[in-house]
Amino acid sequence: MKYDYSGLEVKWRQKWKDDKLYKVDVDTAKPKYYILDMFPYPSGAGLHVGHPLGYIASDIFSRYKRQKGFNVLHPMGFDAFGLPAEEYALATGIHPADSTAQNIERYKEQLDNIGFSFDWDREIRTCEPEYYKWTQWIFTLLYEHYYDLSADKAESISELRKRFSSSGTENISAFSSEDHHFDAKEWKAYSESEQEDVLSSYRLAFRKRGYVNWCAALGTVLANDQIKDGLSERGGHPVARKAMDQWCLRTTAYAERLLSGLEKIDWSSSLKTIQRNWIGKSSGARIFFQIDGHDDKLEIFTTRADTVFGATYMVVAPEHPLIDRIVTTEQKAAVKDYRSYVSLRSERDRMTDVKEVTGVFTGAYAKHPFTQKNIPIWIGEYVLMEYGTGAIMAVPSDDDRDHAFATKFELEIIEVVDKTGFPDASRTDKVGVLQNSDFLNGMSVKDAIKKMGEEITRQGFGEVKINYKMRDAGFSRQRYWGEPFPIVYKNGIAQTVDSDSLPVTLPVTDDFKPTTDGRSPLSRLTDWVKLDDEFTRETDTMPAVAGSSWYFLRFMDPNNPAAFASAEALDYWQDVDLYVGGAEHAVAHLLYARFWHKFLYDLDYLPTDEPFKRLINQGMIQGVIEFLPMIKDANDHITFVSYDLLTDEMSGHGKLAFIPVFIDYVSDYGSKNSFLSAEGLRSFLEWRPSYKSATFKTNNGHYENSQFLSNEEDFRFVTKSEVGKMSKRYFNVVNPDKVVSEYGADTFRIYEMFLGPIEQSKPWDTQGIEGVSKFVRKLWNLFFTDEKLDINDDEPTEAEFKVLHTAIKKVSEDIEKFSFNTAISAMMICVNELRRIKCNKREVLEPLLKLFAPFGPFTAEELWQLLGHKDSIHKSDYPIHDDKYLQQNSFDYPICINGKKRVMKSFAVDTPKGEIEKSALAMEEVQKWIADKNVVKVIVVPQRMVNIVVK
RNA sequence: GCGGGUGUGAUGAAAUUGGUAGACAUGCUAGACUUAGGAUCUAGUGCUUCACGGCGUGGGGGUUCGAGUCCCUCCACCCGCACCA
């Protein structure tokens with residue numbers, strides 16, 4: 001029988017579907033195992049070859065665990081809200097709901113083609129009201145809770161209200177963004193909105209003035225990611241920082257628990273480090289500097305309290321609210337200019353651009369708390385409003401940026417740490433002895449930090465404080481395609497929508513164009529916004545992270561209309577045992593999901609306080625990105641210059657840009673010789689008609705005024721190739737469907753796993769897929785002689801058992817380690833061996849088939865049925881290796897002279913060390929090397945090697 | 001700028017965690033078979049040398065009997081950095 005993958009794939013796909021082979025329910029008789037993939041955003045480009053990498057790995061693991069006797073929950077769904085669908089809608093007029101539904105259908109079909117064992121009865125989509133009802137519900141809980149520091153968990157706001165009414169802020173230890181001090185009487189005297197202001201500094205969901213990247217020309221807020229060199233990536237319009245009221249989640253309240261929770265989960269150390277650095281815990285001090293001639297104090301945070309005497313000026317962020325009050329008349333114009341310059345700079349630019357230091361003097365001075373000297377207050381873009389307090393004391397002697405700033409503006413530098421004892425230390429290293437620092441003189445940096453902490457506390461200048469770099473999560477989007485907030489306003493005061501009125505459904509409209517003033521498109525739907533009784537709805541929507549922050553819980557009980565998940569389901573499934581996904585989610589998604597999970601745990605809805613026990617980051621399958629170099633001249637005329645013509649002079653111009661081009665238009669894409677032919681250029685212009693009047697200069701041909709001014713056949717515009725992310729924005733997506741139809745799903749699955757370690761990123765290419773395809777066919781052919789099934793029931797030999805059990809051992813160990821490439825290589829070795837010894841015994845081939853089943857589910861199932869089994873191989877048990885077949889009697893020792901292998905010699909495994917040493921030294925080949933030298937030492941490592949050291 | 005990662009033959013990679021560098025594949029070379037195929041099989045294939053041998057895991061240095069693996073330092077590339085998902 002010939003191996004016909006497409007026929008058997010179609011057959012089994014249907015059969016598995018009809019039988020609901022992968023349907024799973026709570027089954028207390030079996031141990032549970034929850035294996036989760038990061039669910040995809042259903043982009044219009046369809047699934048690309050990078051997506052399945054993680055899915056294949058988790059699918060192999062799921063099938064393996066099922067065979068091992070676990071009740072495996074392995075669901076799939078779609079993160080269906082998001083910006084691309086909305087942008088697509090703006091471009092085409094197709095409603096996001098329609099395009100999303102269409103994309104999901106395509107994704108599902110593609111996923112099924114690859115033979116994943118998802119339980120589709122549990123599919124969820126974050127954009128469906130049945131789902132986002134509970135996203136909104138959790139949001140209302142966040143709104144109605146605060147973080148109680150003494151209980152170390154979330155508690156209800158109504159409780160806090162009661163406590164305020166009875167005893168004010170006394171005995172309250174709660175996480176708040178402000179310091180409040182009032183008694184019960186004062187509290188009661190506050191107006192409703194004043195009370196709300198106070199409470200909102202405690203709520204875990206709250207509104208705050210935040211800065212966004214506002215692009216007036218596009219009428220929309222942009223991600224840092226969508227900005228290139230201060231201009232919008234789309235259209236190249238200017239982008240400015242704009243203050244807007246935003247919903248935020250008080251993730252900072254959970255900073256400590258998010259940090260300590262990392263201890264007990266099985267994630268890679270690099271991922272934990274990334275989260276730790278993101279949370280960015282640092283202990284330091286906050287210090288208040290009195291502003292000269294004002295009542296205001298400037299609050300700063302520093303980790304280097306020891307260097308206070310080296311503080312020769314202050315720097316505040318350009319957005320700092322104090323600036324307006326303290327700036328002097330003479331400096332007003334300069335400050336205004338500087339702030340408008342900075343408003344055009346993205347946060348990324350401000351952090352990255354260190355070559356040029358910028359800043360402006362406010363004219364105001366602060367009093368140094370210890371010396372009483374007046375020190376100038378400057379504004380500098382390198383201080384960010386969102387970090388710490390948005391102000392620093394600058395110590396040019398011990399901070400690089402401060403030093404650069406002081407040098408440029410000729411500000412005083414006082415060396416306060418003597419590092420002569422540490423010649424290799426850099427400016428910022430915390431070593432040395434304090435000098436020029438009054439009572440700190442002679443102390444080590446470490447002691448001085450401690451001493452200064454005590455001193456500022458004692459004298460009332462400040463206090464020791466722990467600071468986190470992590471900010472509260474911005475949770476508002478001025479977009480259409482997201483979850484509406486379950487919030488209504490009356491007289492400007494927010495309140496939540498009753499839980500029995502949830503969900504607040506996203507109104508259907510075709511008018512999702514952004515507004516000109518930055519408000520959400522929903523604000524235009526006045527019928528929807530305005531409710532009875534003077535209530536109006538919140539018109540912002542939630543970000544895409546909302547739906548993905550808790551979806552793993554919904555999978556436990558996805559169709560429950562009465563709760564986000566039943567207590568029974570939560571109690572059985574507990575948490576995710578294994579989570580597989582891309583490292584690009586290392587912070588945002590994984591941190592927010594942990595935050596939501598901990599919050600729900602605090603409210604006793606969940607049995608566990610960490611959602612993901614073990615996490616594997618699959619690497620990224622990269623693609624090739626092809627660019628066309630483009631130059632815009634002063635008259636806005638666009639010239640594309642072939643990459644080989646591009647000179648440094650042009651590159652230095654600043655007007656040069658690289659325009660990504662759809663890779664299918666590029667000949668020989670991915671190579672050094674990639675180019676656009678005349679036909680490719682025509683396709684490009686069809687695709688990007690705005691460039692129709694542009695000029696294309698090349699070494700081989702010229703295109704201008706919409707026509708070729710040279711022989712079209714010779715036209716050759718060299719493009720610039722890079723390796724990078726496979727993404728719709730680079731027009732370089734490679735679709736798995738083609739590979740699946742050409743080689744079969746099993747070969748595709750095994751090939752992706754065979755490419756290399758799962759965590760590693762690599763560019764996609766199909767070199768080598770032949771070898772995998774050959775392996776699958778060889779395995780198939782083991783069962784046949786002259787295309788007829790030929791299996792015999794004889795007892796296998798020792799040698800045959802050894803081949804099989806070596807593979808069983810290696811493959812099971814490797815699956816546990818997520819080392820699929822080496823597991824596959826072990827199976828290849830096994831198949832090659834069995835072929836060589838012409839083994840067609842049932843007792844060997846059946847276990848081999850079970851071993852192979854998680855990797856090649858279709859082929860394995862077909863052969864299993866041909867062997868006469870009625871039940872699916874995917875319900876069979878996993879083979880266990882027996883050490884008795886693996887025992888070795890002898891070991892081939894490499895004999896090394898000074899660490900270099902010279903000869904091999906075999907010894908029985910139980911040969912004593914001394915004997916090995918003796919006979920090794922006696923060997924002729926060894927004598928040759930050591931004859932005229934002294935043997936200093938002989939090292940024998942049993943079952944490893946022998947090393948003879950000579951001089 | 002900050003943070004994380006990677007670097008081994010022509011290519012994807014492996015290496016029992018300090019013990020034979022290059023398993024398993026791809027590619028290439030030669031041969032066999034022939035129903036001439038993008039099929040299958042056999043042998044070879046790190047570099048260098050006629051050979052003995054020498055060299056070899058991004059560069060440089062160190063620890064060790066022994067380093068791809070540990071330490072220091074430099075370089076290159078990839079990923080993330082809060083409104084892409």
Side-chain angles (χ1 to χ4, degrees), chain A residues 38-43 79 81-84 87 210 212-213 220-226 233 246 251 268-271 273-274 276-278 280 347-355 382 386 400-401 469-479 482 543-545 548 582-589 591-592 617 619-620 622 723-725 727-729 751 754-757 759-763 765-772 774-775 813 819 821-822 824-829 832 892-902 904 936-939 941 943-950:
Chain A
M38 287 183 189
F39 64 167
Y41 174 79
S43 121
D79 191 10
F81 273 134
L83 195 52
E87 302 216 315
V212 295
N213 301 311
T220 187
V221 176
L222 297 175
N224 282 339
D225 196 60
Q226 296 168 310
E233 193 175 49
Q246 304 281 334
T251 42
S268 73
S269 61
S270 65
L271 190 58
T273 307
I274 293 172
R276 272 192 206 106
N277 288 333
W278 176 275
E347 200 169 85
R348 194 76 52 84
D349 287 338
R350 285 170 57 178
M351 286 188 288
T352 306
D353 230 345
V354 285
K355 279 167 229 147
Y382 75 96
E386 282 85 358
D400 290 328
R401 287 164 311 176
K469 195 165 83 193
M470 181 172 76
R471 310 175 211 164
D472 289 323
F475 208 65
S476 272
R477 302 291 184 267
Q478 289 73 43
R479 310 277 190 196
V545 293
S548 62
E584 65 273 22
H585 298 284
V587 272
H589 161 61
L591 211 64
Y592 298 148
N617 275 134
M620 192 172 309
Q622 291 156 320
V723 168
K725 212 168 177 172
S727 153
K728 204 180 167 190
R729 52 195 289 230
Y751 178 60
F754 191 59
L755 271 175
E759 314 84 17
Q760 202 161 297
S761 292
K762 50 232 147 192
D765 76 275
T766 48
Q767 235 191 65
I769 196 166
E770 280 302 334
V772 170
K774 241 185 257 180
F775 158 65
E813 283 172 2
S819 176
N821 54 333
T822 52
I824 291 161
S825 127
M827 286 189 287
M828 285 174 169
I829 293 170
N832 289 345
D892 287 342
Y893 280 86
I895 315 287
C896 311
I897 316 291
N898 287 342
K900 243 186 159 46
K901 185 187 82 174
R902 295 299 174 186
M904 302 292 292
V936 181
K937 204 194 239 178
V938 179
I939 291 143
V941 185
Q943 305 216 46
R944 212 33 64 93
M945 46 74 71
V946 176
N947 191 18
I948 299 165
V949 187
V950 297

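Naming: A, B, ... by sequence-line order, numbering from 1 per chain.
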From the set [options], return the single nucleotide nearest to any side-chain atom of [X].
X       : options                : result
N832(A) : G19(B), A85(B), C24(B) : C24(B)
T822(A) : C24(B), A82(B), A15(B) : A15(B)
S270(A) : G4(B), G19(B), A23(B)  : G4(B)
I829(A) : A85(B), A23(B), C83(B) : A23(B)

Would you mind pulling out the nucleotide paired to [N], Watson-Crick or G-U wobble, both distances under 3.5 Å?
N      : answer
U20(B) : none
G44(B) : C28(B)
U69(B) : none
C50(B) : none
A82(B) : none
G7(B)  : C75(B)
U64(B) : none

Nearest whole angstrom, please: distance from the [atom2] of [N] to the [atom1] of [X].
X       : N      : atom1 : atom2 : answer
R944(A) : U20(B) : CZ    : C1'   : 11 Å
Q478(A) : C83(B) : CD    : P     : 11 Å
L591(A) : C81(B) : CG    : P     : 13 Å

**Asked** Taking atom types as modelled, is there a side-chain donor on R471(A) or T251(A) under 3.5 Å from an acceptor on the other?
**Response**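 Judged by distance alone, the side chains do not pair up.
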**Prompt:** If you measure only the distance, is there a donor-acceptor pair under 3.5 Å linking the side chains of S270(A) and T273(A)?
**Reply:**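 There is no such pair (donor and acceptor under 3.5 Å, judged by atom type) between the side chains of S270(A) and T273(A).
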**Message:** Just confirming the chi classification of G12(B), syn or anti, using 90° around 0 as the syn window.
**Reply:** anti
Interatomic distance, [X] atom [atom1] to [Y] atom [atom2] [nearest 0.5 angstrom]:
X       : Y       : atom1 : atom2 : result
M827(A) : T822(A) : CE    : OG1   : 10.0 Å
I948(A) : C896(A) : CD1   : SG    : 8.5 Å
N821(A) : Q760(A) : CG    : CD    : 9.0 Å
D79(A)  : H589(A) : CG    : NE2   : 8.5 Å

Any base atoms under 4.0 Å from [X], or only sugar-phosphate, or nothing? Heavy atoms, all strands.
X       : value
M904(A) : base
H585(A) : base
P757(A) : sugar-phosphate
S476(A) : base

Any side-chain N or O of [X] under 4.0 Å from OP1/OP2 of [N]?
X       : N      : result
N821(A) : A14(B) : yes
N277(A) : C2(B)  : no
R477(A) : C83(B) : yes

**Request:** Answer with yes or no whether Q226(A) presents, from its side chain, a donor or acceptor under 3.5 Å of a partner atom in the base of C83(B).
**Result:**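 Counting by modelled atom types and ignoring angles, no donor-acceptor contact under 3.5 Å is found here.
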Polar atom pairs between nucleotides 76-80 of chain B and protein, under 3.5 Å, N or O only, would you list them?
unit_1: C78(B); atom_1: O2'; unit_2: Q622(A); atom_2: NE2; d: 2.9
unit_1: G80(B); atom_1: OP1; unit_2: K725(A); atom_2: NZ; d: 2.8

Could you go over nucleotides 8-12 of chain B and give all protein N or O partners under 3.5 Å, atom names and distances?
unit_1: G12(B); atom_1: O2'; unit_2: L755(A); atom_2: O; d: 2.5

**Request:** Considering only atom C1', compute the distance from U8(B) to C24(B) and round it to an integer number of Å.
**Result:**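 Pairwise C1' distance, U8(B) against C24(B), rounds to 16 Å.
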